[in-house]
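The structure appears right after this line, and notes come after that.
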Protein chains: 2
Amino acid sequence: MANIRDLAKEAGVSVATVSRVLNGHPYVSEEKRKAVWEAVEKLNYSKNIQAVHLAKGRTAIVGVMLPYIHHPYFSAVIEGISKEALRYGYQLLLFQTNYEVERELEALERLRMRQMDGLIVCSHEVDWEVFDAYQEDGPIVLCEQVERYDFFTVYIDHYQAFVRALRYLIKKGHRRIGYCIGRTTGPNSQARAAAYQDVLREVGALPRRQWVFDGCLFLEDGKRVMEQWIAMEERPSALLVTSDQVAAGIVLHARRIGVRIPDELAVIGFDNDPLAEMLGITTVALPHFTLGERAFRLLHHWLETGRVARKQEELPAQLLVRDTA
Amino acid sequence: MANIRDLAKEAGVSVATVSRVLNGHPYVSEEKRKAVWEAVEKLNYSKNIQAVHLAKGRTAIVGVMLPYIHHPYFSAVIEGISKEALRYGYQLLLFQTNYEVERELEALERLRMRQMDGLIVCSHEVDWEVFDAYQEDGPIVLCEQVERYDFFTVYIDHYQAFVRALRYLIKKGHRRIGYCIGRTTGPNSQARAAAYQDVLREVGALPRRQWVFDGCLFLEDGKRVMEQWIAMEERPSALLVTSDQVAAGIVLHARRIGVRIPDELAVIGFDNDPLAEMLGITTVALPHFTLGERAFRLLHHWLETGRVARKQEELPAQLLVRDTA
DNA sequence: TTGTACGCGTTATCAT
DNA sequence: ATGATAACGCGTACAA
């Protein structure tokens with residue numbers, strides 16, 4: 001493949017001039033400019049972007065760390081990131097981790113190796129401490145509320161969102177309340193657990209371990225929850241379900257087996273997935289797409305200017321009352 | 001940041017030796033090896049991957065071109081690609097195109113600039129001719145059946161899949177048959193259109209333009225289709241719906257407005273989405289995840305060995321009869 | 001307006 | 001086993 005030196009020879013100019021022409025710099029005579037472009041044409045030249053990256057010390061690539069892609073929540077976040085990245089001429093490098101520590105560390109190492117200019121972490125397993133250690137290698141944006149460390153973050157206040165949904169259920173007269181969650185680790189999950197404890201105690205209701213359903217991510221998990229629920233001696237009368245997919249699974253399976261919702265079981269989902277709207281599921285709308293957008297913008301603004309208005313940004317959640325609670 | 005020369009100086013060896021140690025080459029004395037690793041530690045050294053890429057002429061990065069991410073079909077394909085990429089130590093660079101020609105060309109230009117070793121095209125708008133022109137710049141895998149050009153392809157025979165579903169409907173006595181599709185352009189869509197024409201004519205039934213519903217991608221589109229259907233003077237008695245999301249939208253809205261399925265309207269979805277299973281939707285199971293896997297493997301095998309068993313691979317589709325047709 | 005020369009950080013070849 | 005040195009291809013400071 002032809003390189004910049006071949007072009008220079010062909011066009012009868014210096015490599016510096018070639019570079020200037022290629023990058024649209026001023027102070028190049030029209031005839032040399034023309035000669036260079038003709039050489040480009042003739043030699044079928046194309047820039048080697050790797051060399052550009054090396055020479056400039058930046059890549060206009062942003063890494064995206066996330067456990068899996070095939071999930072409405074994460075694919076919405078990426079879509080938001082992607083849209084903004086496109087807009088500002090950045091590219092996205094994907095790091096799927098499956099919540100494996102090994103994978104997460106590898107992504108961080110890539111930041112250290114300067115493969116990308118920054119990293120957006122959608123969700124993770126390793127401790128904040130680890131991320132903190134990598135902050136000197138490049139800007140990192142976390143999609144969660146962080147205490148004790150000084151990170152760039154864009155987040156939803158899951159504690160408050162949970163509190164609001166719980167209070168709503170309590171106002172409706174519920175005291176036996178449980179919830180479904182994707183996993184129990186991770187700050188978002190822990191915030192929810194705390195809210196659950198706090199609010200229930202507040203009204204003298206009993207938080208029960210067996211009313212917390214773990215591993216709830218997909219539609220099928222909702223079916224499983226419903227099967228467990230029906231088999232229980234003491235059933236909760238209401239469930240907070242941190243994914244509308246799961247909530248939909250619950251509602252659909254309930255219909256099938258003749259459990260009346262919300263009379264026998266009230267359900268509040270999270271996300272405001274189109275599926276929740278279609279099924280009339282009461283839900284806490286979460287701005288996932290916007291979360292991705294803002295995460296990218298924060299990173300981008302930092303990369304381009306070296307400063308930001310504020311390092312933390314909170315996004316609102318909103319309870320949408322429909323038919324299931 | 002410390003570089004390899006700093007290491008050499010610190011360890012009292014040459015850069016060549018440093019490189020050997022860093023890459024685990026043999027023929028290095030134990031003491032020098034130790035000295036180098038100590039220098040790495042002391043100077044907090046990390047490789048610059050951009051320089052590695054430049055020097056080696058390859059990146060172990062694969063590009064993925066797709067219109068959007070936030071859709072069950074595409075996110076399943078990526079998940080398949082991602083899983084295999086992880087396994088073989090490759091990284092994924094995302095090119096979201098929104099089916100805009102401009103974006104697609106940009107992705108191809110990136111291949112030309114050697115930003116990645118190869119490209120997987122999940123779906124696209126531009127003509128095959130364009131892709132053909134870029135084949136010399138790196139291996140390209142298309143996820144569709146291609147005639148007239150010699151591409152790497154992994155595909156589902158959508159013509160046959162459609163034929164089989166249509167024949168099933170006809171055997172059930174349906175003659176007024178329509179279908180829902182994501183878009184009308186693109187080889188997969190055209191194969192389906194051809195199957196529709198061919199099979200209906202075969203039995204003397206009438207293919208009708210107004211029974212072809214375009215722009216059907218998401219759940220909400222199913223609702224829209226149902227509203228259009230109910231408003232029709234002459235309604236089809238059966239619909240092939242090329243996305244289970246849309247099929248679910250149809251089925252759910254039908255329930256709501258009291259349209260009996262399959263009696264008044266038979267529905268066959270595509271994908272075998274969990275939602276289809278939960279709703280008892282008859283569907284044509286399509287191996288999206290596997291498609292992604294195979295696409296990556298094909299590319300990977302070519303990159304590593306320079307040859308493949310065969311450049312084209314067909315994946316099976318299977319009709320799963322449930323309750324809606 | 002143009003060219004020379006060096007820097008970016010590695011890898012790889014070729015001596016020794 | 002080890003070291004000089006030449007690629008890899010581009011950007012740019014500096015000089016002219």
Side-chain angles (χ1 to χ4, degrees), chain A residues 1-40 43-61 109-117 137-138, chain B residues 1-40 43-61 109-117 137-138:
Chain A
M1 283 239 84
N3 63 28
I4 202 178
R5 262 183 301 278
D6 300 326
L7 283 184
K9 193 174 296 172
E10 177 68 31
V13 300
S14 72
V15 291
T17 298
V18 171
S19 179
R20 289 188 191 104
V21 172
L22 257 32
N23 295 296
H25 290 176
Y27 306 130
V28 179
S29 72
E30 207 42 58
E31 57 178 342
K32 301 220 170 193
R33 198 177 289 277
K34 187 158 156 268
V36 169
W37 283 121
E38 278 171 5
V40 165
L43 301 183
N44 190 26
Y45 168 84
S46 179
K47 246 187 221 201
N48 183 321
I49 201 79
Q50 303 164 8
V52 175
H53 288 168
L54 179 59
K56 301 183 72 138
R58 52 186 297 278
T59 60
I61 292 175
E109 276 303 319
R110 290 294 175 153
L111 181 64
R112 213 168 128 63
M113 295 183 198
R114 280 143 291 184
Q115 182 165 24
M116 54 240 191
D117 298 339
D137 299 310
Chain B
M1 285 239 82
N3 63 28
I4 203 177
R5 260 183 299 279
D6 299 327
L7 284 184
K9 194 174 296 175
E10 177 68 30
V13 299
S14 72
V15 291
T17 297
V18 172
S19 180
R20 289 189 190 99
V21 173
L22 257 31
N23 295 295
H25 290 175
Y27 307 129
V28 179
S29 71
E30 208 42 59
E31 58 177 342
K32 302 219 169 189
R33 198 177 289 277
K34 187 158 156 269
V36 168
W37 283 121
E38 279 172 4
V40 166
L43 301 183
N44 189 26
Y45 168 84
S46 178
K47 243 186 222 203
N48 182 322
I49 200 78
Q50 302 164 10
V52 176
H53 287 167
L54 178 59
K56 301 183 75 137
R58 51 186 298 279
T59 59
I61 293 175
E109 276 303 320
R110 291 293 174 154
L111 180 64
R112 201 149 185 274
M113 295 182 195
R114 279 143 292 183
Q115 182 163 24
M116 54 240 190
D117 297 341
D137 299 310

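Letters A, B, ... mirror the listed sequences (proteins, then strands); counts begin at 1. Values in this document were obtained by computation on a predicted structure and should not be read as measured data. In what follows, every heavy atom counts, from backbone to side chain, and hydrogens, waters and symmetry copies are set aside.
A:His53 has its NE2 atom 13 Å from the P atom of D:dT12, to the nearest Å. Atom P of nucleotide D:dG9 and atom CE of A:Met1 are separated by 10 Å, given to the nearest angstrom. Put simply, OH on A:Tyr27 is 17 Å from P on D:dC14, counting in whole angstrom units. Taking atom NZ of B:Lys32 as the reference point, atom C1' of D:dG3 lies 9 Å away to the nearest angstrom. The separation between A:Ile4 atom CD1 and D:dA7 atom P is 18 Å, rounded to whole Å.
Contact check, A:Tyr45 against D:dC10: a side-chain N or O comes under 4.0 Å of OP1 or OP2. Phosphate contact (OP1/OP2 of D:dG11, side-chain N/O of A:Asn23, threshold under 4.0 Å): present. At D:dC10, none of the side-chain N or O atoms of A:Ser19 fall inside 4.0 Å of OP1 or OP2 (strictly under the cut-off).
Within 4.0 Å of A:Val15, counting heavy atoms only, lies at least one base atom of the nucleic acid.
Atoms CD1 and CE, on B:Ile49 and A:Met113 in that order, are 5.0 Å from each other to the nearest 0.5 Å. In this structure, the separation between CZ on A:Arg114 and CG on A:Asp117 is 11.5 Å, given to the nearest 0.5 Å.
Read 5' to 3', the first and last nucleotides of DNA chain C with an atom closer than 4.0 Å to a heavy atom of chain B are C:dG9 to C:dA12.
Checked for salt-bridge contact, B:Lys34 and B:Glu38 meet the test: a charged N lies under 4.0 Å from a carboxylate O.
Between B:Ala55 and B:Arg20, the residue whose closest nucleotide on DNA chain C is further toward the 5' end is B:Ala55.
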